[in-house]
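Heavy-atom basis, side chains included; hydrogens, waters and symmetry copies ignored. Counting starts at 1 for both ligands and their atoms, in listed order. Keep in mind it's a predicted model, so treat the numbers as computed, not measured.
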Amino acid sequence: MPIATTNPATGQVLKTYDPMSDEQVDAAIERADLAFRQLHGTTVAQRGRWLIAAAELLEAERDETARMMTTEMGKTYAAAKAEVTKCATACRFYAANAVRMLADEPADAGAVKATRAFIRYQPIGPVLAVMPWNFPLWQVMRFAAPALMAGNTGLLKHASNVPQTALYLEELFRRAGFPEGAFSTLLVGSEAVDRILSDPRVRAATLTGSEPAGRSIAQIAGRELKKTVLELGGSDPFVVMPTADLDRAAEVATTARCQNNGQSCIAAKRFIIHTDVFDAFAEKFAARMSALTVGDPMDDGTDVGPLATDRGRAEVHAQVQDAADSGATILCGGELPAGDGWFYPPTVVTDLRPGMRMWAEEVFGPVAGLYRASSYEEAIEIANGTAFGLGSNAWTTDPAEQERFATDLDAGSVFINGMTTSFPELPFGGVKNSGYGRELSAVGMREFCNTKTVWVGAGEAGPGAGAHSE
Ligand SMILES: O=CCCCC(=O)O
């Protein structure tokens with residue numbers, strides 16, 4: 001894929017970039033390594049001041065930054081503005097909380113025969129971040145803000161269709177005051193990742209992206225014995241039980257499926273509805289999905305903009321057609337629109353069966369699959385019956401059922417009577433083929449820290465010397 005900005009609303013190529021040479025990449029790695037040593041000599045409070053400066057820049061430049069993102073990947077301007085604001089909030093959150101998150105953690109010295117014992121969180125060095133286009137600012141920020149606060153440096157290999165956003169991020173951190181090299185963008189194709197991650201100066205990698213991309217990074221990192229955090233695809237269930245508020249559930253389901261033009265790993269994708277309320281929910285949901293306005297993402301009245309790439313749209317349509325050809329019912333949408341731009345209508349498909357692509361695959365567009373469950377147990381079986389386990393949603397007002405869903409849904413998060421979303425305060429990540437490790441919160445920040453055990457004895461032969469063998 002060429003490194004270029006192509007407006008998904010028109011299909012027009014607006015700007016192209018030459019990939020960086022190996023020499024340029026090596027120089028950036030060297031700068032990241034030097035900046036790591038420099039950051040080591042700074043306090044958390046100093047790094048917090050730089051991060052607050054980044055937040056201020058984001059807030060001041062919100063509208064033009066949002067316009068750039070909309071032009072590069074098609075999300076609505078309103079959603080892009082919200083994304084910039086969310087990034088600023090995350091910067092402020094980590095600036096305010098990193099001292100607490102990185103503080104030495106005392107342990108029970110007596111229990112380990114020490115005079116003092118504690119855990120110290122220390123940075124590990126330059127981290128490679130391989131990031132996707134769908135939340136081009138946020139996905140990077142949720143890695144960068146905690147990583148920089150911890151004292152790590154970042155090397156960004158962003159998706160090839162968002163080069164302007166990638167370059168903006170490098171500039172943002174430099175203008176905010178972080179040392180040269182603390183955060184660098186590498187304009188390279190994915191074939192360069194093996195060489196970068198194999199460099200001994202690069203200590204770890206984080207990837208948000210597809211399952212194949214995750215496997216590839218994990219393979220390289222395994223060979224090189226480097227830590228990875230992987231946030232991969234999802235096919236999140238959205239279960240609706242008879243006690244749920246159906247109007248509210250249908251409204252949130254529509255947002256949960258069509259947020260970001262349907263292109264979010266944590267979008268609800270499989271709607272598992274109890275038989276008793278299936279018909280009522282299906283009617284309300286299809287009506288809401290059909291009422292969404294698809295069009296120019298810069299227009300305030302648009303709910304759903306174009307998909308980011310022509311290839312992505314072709315894939316979504318092929319999945320819908322495969323279901324229709326195999327006997328599924330299309331309640332709304334499903335037609336490829338004529339004209340320029342990679343638009344796709346909000347679509348609801350039901351009567352899905354095993355063997356259809358939509359049954360097993362993630363659909364990365366505004367397409368919902370509706371499934372019928374005759375009991376709680378069947379709902380759980382369908383919900384957990386995929387290779388993914390990122391987010392999950394369940395709608396019920398029965399407290400006992402809420403408890404059961406919280407335990408039984410096999411996913412990195414469970415949202416009851418709401419939709420999956422990310423917060424700087426809460427860990428974010430998945431299980432099964434949705435990846436491993438966590439981003440955000442103290443848990444995410446510590447993924448790229450050396451969790452160092454410090455044991456201090458009195459120096460006498462005896463307790464300290466013998467402690468390890470007991
Ligand atoms: O594709 C992943 C989307 C994550 C969005 C979020 O963090 O809210």
Side-chain angles (χ1 to χ4, degrees), residues 58 66 69 72-76 78-91 93-94 129-147 158-159 161-162 165 169 206-214 217 229-238 252 255-270 305 307-309 312 315-316 361-367 386 388-393 411-415 418-441 443-445 447:
L58 285 165
M69 290 196 284
E72 292 208 295
M73 50 67 66
K75 67 169 59 211
T76 62
K81 284 189 280 190
E83 183 171 338
V84 180
T85 302
K86 184 169 180 171
C87 288
T89 305
C91 287
F93 172 78
Y94 281 104
V130 181
M131 291 292 148
W133 47 260
N134 61 342
F135 290 86
L137 206 66
W138 168 244
Q139 303 269 25
V140 178
M141 190 57 74
R142 75 178 177 198
F143 152 70
H158 216 325
N161 56 337
V162 289
T165 310
L169 279 153
T206 179
L207 173 136
T208 299
S210 68
E211 203 185 315
I217 283 268
V229 168
L230 301 180
E231 197 265 88
L232 310 177
S235 192
D236 290 5
F238 187 106
V252 175
T255 307
R257 178 58 283 210
C258 294
Q259 57 173 316
N260 213 40
N261 306 342
Q263 304 161 118
S264 173
C265 53
I266 49 166
K269 292 170 185 134
R270 296 175 302 127
L307 300 197
T309 65
E315 179 74 358
V316 166
E361 297 174 7
E362 175 177 27
V363 183
F364 220 57
V367 175
T386 80
F388 297 109
L390 193 54
S392 61
N393 315 264
S413 64
V414 176
F415 283 70
M419 59 179 257
T420 308
T421 186
S422 59
F423 299 94
E425 295 83 354
L426 291 173
F428 183 93
V431 296
K432 303 197 284 186
N433 292 4
S434 291
Y436 52 74
R438 291 292 178 268
E439 298 189 272
L440 298 174
S441 77
V443 180
M445 179 180 262
E447 289 280 8

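- Considering Q259, Q263, E83 as possible partners of K75, the one that fulfils the side-chain hydrogen bond (donor to acceptor under 3.5 Å, both in side chains) test is E83.
- For ligand 1, the atoms sitting less than 4.0 Å from at least one non-hydrogen atom of K86 are 8 (O), numbered in the order shown with element in parentheses.
- The protein heavy-atom contact nearest to atom 6 (C) of ligand 1 is S422 OG, 3.1 Å.
- Proximity of Q139 to ligand 1, defined as any heavy-atom pair under 4.0 Å, is confined to the side chain (atoms from C-beta onward).
- The shortest N/O to N/O separation between E231 and ligand 1 does not fall below 3.5 Å.
- With respect to atom 5 (C) of ligand 1, the closest heavy atom belonging to the protein is F135 CE1, 3.7 Å.
- Within the structure, ligand 1 has R142 among the residues with a heavy atom less than 4.0 angstrom away.
- The aromatic rings of W133 and F364 sit perpendicular, their planes meeting at an angle over 60°, well past the 30° parallel limit.
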Please test D236 against K269 for side chain to side chain contact (heavy atoms under 4.5 Å, CB included), starting from the C-alpha separation and ending with a verdict.
-> CA-CA 5 Å; D236 290 5; K269 292 170 185 134; 5.7 Å; no
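- When only interatomic distances are considered, the shortest N/O to N/O separation between T208 and ligand 1 does not fall below 3.5 Å.
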Pair F135, S264 - check side chain to side chain contact (heavy atoms under 4.5 Å, CB included), show working. CA-CA 8 Å; F135 290 86; S264 173; 3.7 Å; yes
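- If you check the side chains of K86 and S422, you find a donor sitting under 3.5 Å from an acceptor.
- Of the protein's non-hydrogen atoms, the one nearest atom 2 (C) of ligand 1 is C265 SG, 1.9 Å.
- Remark: E447 engages K227, V229, R438 in a side-chain contact (heavy atoms from CB on, under 4.5 Å) (not counting sequence neighbours).
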